[in-house]
2 protein chains.
Amino acid sequence: MKQAEIKRAFEGYLRRRSLKLTTQRARIFDRAFATHEHFSAEVLYDWLSKEPGVKVSRATVYRTLSLLQDGRFMKSLDVGRGEMVYEHVLGHGHHDHMVCTDCGRIEEFHDERIEDLQLEAARKKGFEIVSHDHRLIGYCRSCSAKRKKDATAAHVSRAAAAS
Amino acid sequence: MKQAEIKRAFEGYLRRRSLKLTTQRARIFDRAFATHEHFSAEVLYDWLSKEPGVKVSRATVYRTLSLLQDGRFMKSLDVGRGEMVYEHVLGHGHHDHMVCTDCGRIEEFHDERIEDLQLEAARKKGFEIVSHDHRLIGYCRSCSAKRKKDATAAHVSRAAAAS
DNA sequence: TTTACTGCAAATTCTTTGCAACAAC
DNA sequence: GTTGTTGCAAAGAATTTGCAGTAAA
C-alpha cells in the first residue's frame with residue numbers, strides 16, 4: 001500500500017508551504033484516499049459527518065479539496081451534473097471518463113491514439129494544450145441492458161393492448 | 001441564407017407542440033442566430049437589453065434557450081467557466097472545442113478518427129454513448145505567442161537585474 | 001375566450017468568504 | 001506567542017420557479 005507514502009508527500013507539501021497539518025485535514029485526506037470511487041464534496045462531507053471523528057465543516061471540506069488539487073493529490077472533474085466530482089491520483093495515470101446518466105456510475109478509459117490525435121488537432125490550429133476534458137455520456141452496461149429490456153416489455157404490452 | 005428556413009422550422013416546432021410564437025421568442029431566436037460566435041445567457045441578455053426591441057427578461061432568455069435546445073436548434077456547452085455557453089446548429093455538423101483560458105476564445109475542431117476511437121472505447125466497456133463532450137483547454141495561437149514573448153521578456157529583465 | 005407566456009422577485013444549488021474563536025508549530 | 005485554520009452564517013454566481021398579470025391563438 002502506498003497510501004502511507006502519499007500521505008507523507010502531503011505532509012511535506014504542507015510543511016514546504018508553511019501550512020498546518022490539522023486534524024481536519026488529516027481526516028479529509030484519509031477519507032478521500034480510502035475510497036476508489038469518485039465523490040462530490042457533499043458526499044465526502046456526509047461521510048465525515050456520519051463516521052466517528054473530529055467535526056469537519058462543509059467549508060473545510062471545500063477548502064481542503066482545493067488544497068489537495070493544488071498539490072496534485074486529487075483531480076476534480078465536471079460530469080455535467082452541476083457539482084464537481086473528485087478522484088485521487090493514487091497511482092493510475094491519465095484517463096478520461098464515461099458517465100452513466102441513469103445511475104451516475106463513472107467508468108474510466110484511456111487511448112493513447114486519441115491523445116495523439118488531440119495533439120495533432122491542436123497543432124493545426126496553433127493551440128497550446130494545457131489540459132483536456134473528454135467524457136462520454138450515455139448508459140453503462142447494466143443500465144443500457146435494463147433500458148433495452150424495458151423497451152422490449154413496453155413494446156410487447158403495446159402490441160397486446162392493440163390486439 | 002438558410003436562417004429564414006430554420007426560423008420556419010422553429011415556428012413549426014412551436015405550432016406542433018401548441019406553444020406560442022411570442023415577440024420575445026422571435027427576438028431571442030433572431031438575435032441568437034444573428035451571431036456565429038458562442039455566447040452565454042447573460043451576454044445574450046445584454047445584447048437584447050441594449051439593442052432596440054421589446055423588453056426581454058433574463059428569465060425568458062433562459063426559458064427560451066432551453067426551448068431551443070429541446071428542439072435541437074441550439075446546443076449548450078460547458079466550457080468550465082461556471083456558466084453555460086450556447087451555439088446554434090445552423091449547418092455545421094458535430095464538432096468539439098478548444099477553449100482559451102486567457103481570452104475565452106473558442107475554436108472548433110473535428111476528427112472522425114477520434115469519433116471512431118470513442119466508439120471503440122465504449123464498445124469495450126459495454127457503454128452506450130448518447131453524447132460526448134470533448135474539449136481542449138489551453139492557449140489559442142495569439143495568447144500562446146503573447147505568453148511566450150512575455151516569458152522571454154521577463155527572462156531578459158531578470159538577467160539584466162542580476163548582472 | 002382559452003391557454004400559454006412574461007416579468008419580477010424569491011428560491012435553489014453549489015461553492016466561496018469574512019470574521020472571531022482556536023489549534024498547530 | 002505567532003500564524004494559519006476552523007466553523008458559522010452570510011455572500012456569490014448561475015439558473016430556476018411561483019405567481020399574477022398579459023398576450024397569442
Side-chain angles (χ1 to χ4, degrees), chain A residues 7-8 10-32 38-49 53-71 74-86 104, chain B residues 7-8 10-32 38-49 53-71 74-86 104:
Chain A
K7 178 126 185 219
R8 240 169 290 123
F10 178 49
E11 291 168 14
Y13 176 77
L14 292 175
R15 211 168 305 117
R16 247 172 288 122
R17 325 217 324 186
S18 0
L19 299 177
K20 291 168 181 172
L21 178 62
T22 60
T23 44
Q24 283 84 342
R25 282 181 181 161
R27 214 183 145 211
I28 292 171
F29 181 96
D30 291 341
R31 192 57 188 84
H38 294 78
F39 55 83
S40 64
E42 188 64 28
V43 164
L44 177 53
Y45 173 70
D46 276 356
W47 288 341
L48 294 167
S49 303
V54 281
K55 186 202 169 90
V56 177
S57 70
R58 206 177 250 103
T60 298
V61 169
Y62 277 102
R63 285 190 278 233
T64 305
L65 284 172
S66 299
L67 186 63
L68 288 167
Q69 278 188 89
D70 289 348
M74 306 211 92
K75 282 188 176 177
S76 67
L77 60 136
D78 185 347
V79 291
R81 296 197 155 198
E83 61 181 8
M84 283 304 190
V85 160
Y86 298 83
Chain B
K7 178 128 186 218
R8 237 168 292 121
F10 178 49
E11 291 168 14
Y13 176 76
L14 293 175
R15 211 169 303 118
R16 245 172 288 122
R17 324 219 322 188
S18 0
L19 300 177
K20 291 169 181 170
L21 178 62
T22 61
T23 45
Q24 284 82 344
R25 282 180 182 163
R27 213 183 145 210
I28 291 171
F29 181 95
D30 291 341
R31 191 58 186 82
H38 294 78
F39 54 82
S40 65
E42 188 63 27
V43 164
L44 177 54
Y45 173 71
D46 276 357
W47 289 340
L48 294 168
S49 302
V54 281
K55 187 203 170 93
V56 178
S57 70
R58 206 177 249 103
T60 297
V61 169
Y62 277 102
R63 285 189 278 232
T64 304
L65 284 172
S66 300
L67 186 63
L68 287 167
Q69 277 188 89
D70 289 348
M74 306 209 92
K75 282 188 175 176
S76 67
L77 61 136
D78 185 346
V79 292
R81 298 195 154 199
E83 60 181 7
M84 283 304 190
V85 160
Y86 299 83

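None of these values were measured; they are calculated from a predicted model. As a basis for the values below, the full set of heavy atoms in this structure was taken, side chains included, without hydrogen atoms, waters or symmetry mates. Every chain is numbered from 1, with letters handed out A, B, ... down the list of sequences.
Going from atom OH of Tyr45(B) over to atom C1' of dT16(D) covers 16 Å, rounded to whole Å. The CG atom of Leu14(B) sits 15 Å away from the C1' atom of dA23(D) (whole-angstrom rounding). For the pair Lys55(A) NZ and dC8(D) C1', the computed distance is 9 Å after rounding to whole Å. Rounded to whole angstrom, the span from the CG atom of Leu65(A) across to the C1' atom of dC14(C) amounts to 13 Å. Residue Glu83(A) contributes atom CD, which lies 14 Å from atom C1' of dT12(C) at whole-angstrom precision. One interatomic measurement links the two molecules: CG of Leu21(A) to P of dT5(D), which rounds to 10 Å at whole-angstrom precision. The separation between Phe29(A) atom CZ and dT5(D) atom C1' is 19 Å, rounded to whole Å. In this structure, Tyr62(A) places its OH atom 13 Å from C1' of dG12(D), rounding to the nearest Å.
A donor-acceptor distance shorter than 3.5 angstrom exists from the side chain of Arg27(B) to the backbone of Leu48(B), with no hydrogens or angles considered.
For Lys20(B) and Ala59(A), each mapped to the nucleotide of DNA chain C holding its nearest heavy atom, the one lying further toward the 5' end belongs to Lys20(B). With the nearest nucleotide of DNA chain D identified for both Thr22(B) and Met84(B), Met84(B) has the one nearer the 5' end.
An OP1 or OP2 oxygen of dC8(D) is reached within less than 4.0 angstrom by no side-chain nitrogen or oxygen of Ser57(A). Not one side-chain nitrogen or oxygen of Gln24(B) sits closer than 4.0 Å to the OP1 or OP2 atom of dA23(D).
If you check every strand for non-hydrogen atoms under 4.0 Å, Ser18(A) touches sugar and phosphate atoms only. Across all strands, Arg63(B) comes closer than 4.0 Å to base atoms (heavy-atom distances). Nucleic acid contact for Ser40(A): none, since no nucleic acid atom lies under 4.0 Å from a heavy atom of the residue.
Of all non-hydrogen atoms in Ala32(B) and Met74(B), the two that sit nearest each other are CB-CE, 3.8 Å.
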Trace of the side-chain contact (heavy atoms from CB on, under 4.5 Å) decision for Leu67(A) with Arg25(A): CA-CA 10 Å; Leu67(A) 186 63; Arg25(A) 282 181 181 161; 3.7 Å; yes

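When distances run from any side-chain atom of Leu19(A) to the nucleotides dT5(D), dA24(D), dA14(D), the shortest one goes to dT5(D). Counting only heavy atoms from C-beta on, Arg25(A) has its side chain closest to dT5(D) among dT5(D), dT15(C), dC8(D).
Note that CG of Leu68(B) is 4.5 Å distant from CZ of Phe10(B), once rounded to the nearest 0.5 Å.
Between the side chains of Thr60(B) and Gln24(B), no donor-acceptor pair is found at a separation under 3.5 Å.
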